[in-house]
Amino acid sequence: MAFEIYLSEARRRAEQARGLWPNRILTDYLDAAVGARPEQVAITGTNSATGERTTLTYAALARRVERIALGLAALGVQPGEVVSFQLPNWWQYPALYLACVRIGAVANPLMPIFRQRELRYMLNFAESRVVIVPARYRDFDYAAMLAEIRPDLTTVRHGFVVGGEGAQSFERHFLERAWEQEADARALFAARRPDPNALTELLYTSGTSGEPKAVMHVSNTLLAMALRYIDWVRLTPRDVVFMASPLAHQTGFVYGMTIPVVLGTTLVLQDVWSAPDAARLIQAEGATFTMASTPFLSDLAGNEAVTREAVKTLRTFVCAGAPIPSVIVQKATERLGIEVLS
């Protein structure tokens, strides 16, 4: 079945009249960034499983997004069909979401902590057509897990592994083949451009009160969150966003992945949390903004290896999730000079 969203015409008009819904999609902002500053760094991060560091400009990111989108279309993925990916904070994550937007597919981010039981339920409920996992991450074999549950996945037609081998290799199918030489990308993307009120993201809740719920978002609702935060925190294209919260969580998805593309600025990714490593990344990349839950702030403020000098560029830490003890805010403010927002 296709997931359906009902948004009344009155609701659409009201949100647009209030200036909350921009009536755009995220690839509009990607295209604007490529046109204005193609050599601006879009994403930089390290794959902790391999040690490989990747830095992509907006021009390079757009080329990879195009190739991945055409690779998905070649698999038969249609507008409105679900592409699931269970990935850490690696560059492939934002590239996959942007590729889904290019062809009108629905992105289904999955937290790396999920295992066989959760994935069987989530992938079948979403009626996923394609699923993408890492080969290994934090000493867990995701490729083996995917192979184990494949017979139980009734709608999945294709499974790929980032860092995998053979026909399942993500790199082999999506990156090594020049799909743009085999298809008219401009015509395909124009024909499949999704409406800003079409389903674009399917994100599961944690399932603490029963089976996880699949929360549906359209481009307008996602961008409404991003744009309001940009105004609230007074972010500009000169800011650099640091993100250690999982991109498969809505915190990482909206405030880590979406906001930098909207601004046309840099996203700095950390895939395994460590306060000293975070401080080194913040210092090296000049990060100015981040958003994460209270334990991240507590670790950063309480770790003696993290110095005020190392995080001097980090202007704002938006803290969400658990309540924020005042002692942690005081320590972050006084010891590190960080503005903490709830």
S.K.: Between S219 and P194, is any pair of side-chain heavy atoms under 4.5 Å apart?
M.R.: no
S.K.: Assess the residue pair R129 and T155 against the criterion (side-chain contact (heavy atoms from CB on, under 4.5 Å)); give the C-alpha distance rounded to whole Å, side-chain angles, the decisive distance to 0.1 Å, and a yes or no.
M.R.: CA-CA 6 Å; R129 296 293 188 257; T155 63; 3.4 Å; yes
S.K.: Hey, is the main chain of M291 close enough, under 3.5 Å, to the side chain of T251 for a donor-acceptor pair?
M.R.: no
S.K.: For R117 and E211, what are the C-alpha separation, side-chain angles and deciding distance, and is it a salt bridge (Lys or Arg N to Asp or Glu O under 4.0 Å)?
M.R.: CA-CA 11 Å; R117 178 186 175 276; E211 293 291 3; 3.7 Å; yes
S.K.: Under 4.0 Å between a Lys/Arg side-chain N and an Asp/Glu carboxylate O for K331 and E304?
M.R.: no
S.K.: Rounded to the nearest 0.5 Å, what separates atom CG in L119 from atom OG in S84?
M.R.: 9.0 Å
S.K.: Is it the case that more than 12 heavy atoms not belonging to E165 sit under 6.0 Å from its CD atom?
M.R.: no
S.K.: Is there a donor-acceptor pair under 3.5 Å between the side chain of Q283 and the backbone N or O of R280?
M.R.: no
S.K.: Between R193 and D28, is the closest basic N to carboxylate O distance under 4.0 Å?
M.R.: yes
S.K.: Rounded at 0.5 Å granularity, tell me how far CD1 in I132 sits from CG in N108.
M.R.: 11.0 Å
S.K.: Could you work out the complete set of other residues in the hydrophobic cluster of I338, with links drawn between I, L, V, M, F, W and Y side chains under 4.5 Å apart?
M.R.: V240, F242, V268, W273, L281, I282, F296, L297, L300, V306, V311, L314, F317, I324, V327, I328, V329, L336, V340
S.K.: Measure the shortest side-chain to side-chain distance between Y137 and L87 over non-hydrogen atoms and say whether it is less than 4.5 angstrom.
M.R.: no
S.K.: Can you name the nearest heavy-atom pair linking A99 to L72, along with the distance?
M.R.: CB-CD1, 4.3 Å
S.K.: Between M225 and T258, is any pair of side-chain heavy atoms under 4.5 Å apart?
M.R.: no
S.K.: Which atoms form the tightest heavy-atom contact between V83 and A105, and what is the distance?
M.R.: CG2-CB, 4.2 Å
S.K.: May I ask you to test the F253-H217 pair for a side-chain heavy-atom distance under 4.5 Å?
M.R.: no
S.K.: Could you see if L203 belongs to whatever hydrophobic cluster contains V254? Use Ile, Leu, Val, Met, Phe, Trp, Tyr and a side-chain cutoff under 4.5 Å.
M.R.: no
S.K.: Looking at A49, is its backbone amide N or carbonyl O close enough to the side chain of R136 to form a donor-acceptor pair, meaning the two atoms are under 3.5 Å apart?
M.R.: no
S.K.: How far apart are the C-alpha atoms of N124 and L153, what are their side-chain angles, what is the distance that settles it, and do they pass the side-chain contact (heavy atoms from CB on, under 4.5 Å) test?
M.R.: CA-CA 6 Å; N124 282 326; L153 305 179; 4.2 Å; yes
S.K.: Would the distance check show the side chain of T265 and the main-chain N or O of P237 forming a donor-acceptor pair, the cut-off being under 3.5 Å?
M.R.: yes
S.K.: Would you kindly confirm whether L98 and V41 end up in one hydrophobic cluster when ILVMFWY residues are joined by side chain heavy atoms under 4.5 Å apart?
M.R.: no
S.K.: Using distance alone, with no hydrogens and no angle criterion, decide if D271 and S48 have a side-chain donor and acceptor under 3.5 Å apart.
M.R.: yes
S.K.: Below 4.5 Å, heavy atoms only, C-beta onward: do Y93 and L269 meet side chain to side chain?
M.R.: no
S.K.: Using side-chain heavy atoms (C-beta onward) and a distance below 4.5 Å, is L222 in contact with Q250?
M.R.: yes
S.K.: What residues, two or more places apart in sequence or in another chain, satisfy side chain to side chain contact (heavy atoms under 4.5 Å, CB included) together with R11?
M.R.: L7, S8, E15, W21
S.K.: Yes or no on ring-ring contact (aromatic ring centres under 6.0 Å, His included) for F114 and Y204, after CA distance, side-chain angles and deciding distance?
M.R.: CA-CA 11 Å; F114 295 150; Y204 284 99; 7.7 Å; no
S.K.: Mind checking the CH2-CZ spacing from W179 to F174? Nearest 0.5 Å is all I need.
M.R.: 8.5 Å
S.K.: Ignoring hydrogens and geometry, is there a side-chain-to-backbone donor-acceptor pair from D239 to T236 under 3.5 Å?
M.R.: yes
S.K.: Would you list the atom pairs, donor with acceptor, under 3.5 Å between side chains in residues 228-235 and any protein atom, with sequence neighbours excluded?
M.R.:
| unit_1 | atom_1 | unit_2 | atom_2 | d |
| --- | --- | --- | --- | --- |
| R228 | NH2 | D231 | OD2 | 3.2 |

S.K.: Which heavy-atom pair separates N303 from R335 by the least distance, and what is that distance?
M.R.: O-NH2, 2.8 Å
S.K.: If you define the side chain from C-beta out and look only at heavy atoms, does anything of R120 sit under 4.5 Å from E148?
M.R.: yes
S.K.: Count the heavy atoms belonging to other residues, nucleotides or ligands that lie under 6.0 Å from CZ of R238, then report whether that count exceeds 12.
M.R.: no
S.K.: Tell me if the NE2 atom of H158 is crowded by more than 12 foreign heavy atoms within 6.0 Å.
M.R.: yes
S.K.: Does V133 form a side-chain contact (heavy atoms from CB on, under 4.5 Å) with M145? I'd like the steps, not just the answer.
M.R.: CA-CA 9 Å; V133 300; M145 177 176 65; 5.6 Å; no
S.K.: Judged by atom type as modelled, is there a donor-acceptor pair below 3.5 Å linking the side chain of N89 to the main-chain atoms of L247?
M.R.: yes
S.K.: Counting distance only, does the side-chain N/O of N197 pair as donor-acceptor with the main-chain N or O of N220 below 3.5 Å?
M.R.: no
S.K.: Identify whether L202 and V215 are in the same connected component of the hydrophobic contact network (ILVMFWY, side-chain heavy atoms under 4.5 Å).
M.R.: no
S.K.: Can you find a heavy atom in the side chain of P112 that is under 4.5 Å from one in the side chain of Y142?
M.R.: yes
S.K.: Count the heavy atoms of every other residue, nucleotide or ligand shown that sit under 6.0 Å from CZ of R172, and state whether that count exceeds 12.
M.R.: no
S.K.: Does the pair R63 and E66 meet the rule for a salt bridge (Lys or Arg N to Asp or Glu O under 4.0 Å), with working shown?
M.R.: CA-CA 5 Å; R63 288 192 294 269; E66 177 185 58; over 6 Å; no
S.K.: Is Q86 reaching over with its side chain to a backbone N or O of M111, donor-acceptor style, under 3.5 angstrom?
M.R.: yes
S.K.: Can any side-chain N or O of R308 pair as donor or acceptor with the backbone N or O of E334 at less than 3.5 Å?
M.R.: yes
S.K.: What's the verdict on side-chain contact (heavy atoms from CB on, under 4.5 Å) for I25 and T200, showing C-alpha distance, side-chain angles and the deciding distance?
M.R.: CA-CA 9 Å; I25 57 179; T200 188; over 6 Å; no
S.K.: Between W90 and V272, is there shared hydrophobic-cluster membership here, with clusters defined by ILVMFWY side-chain heavy atoms closer than 4.5 Å?
M.R.: yes
S.K.: Backbone N or O of V131 within a donor-acceptor pair of the S128 side chain at under 3.5 Å?
M.R.: no
S.K.: Within 45° of the ring axis of Y58 and under 6.0 Å from its six-membered ring centre, is that where the NZ or CZ of R37 lies?
M.R.: no
S.K.: Is R102 paired with E180 through a side-chain N to carboxylate O contact shorter than 4.0 Å?
M.R.: no
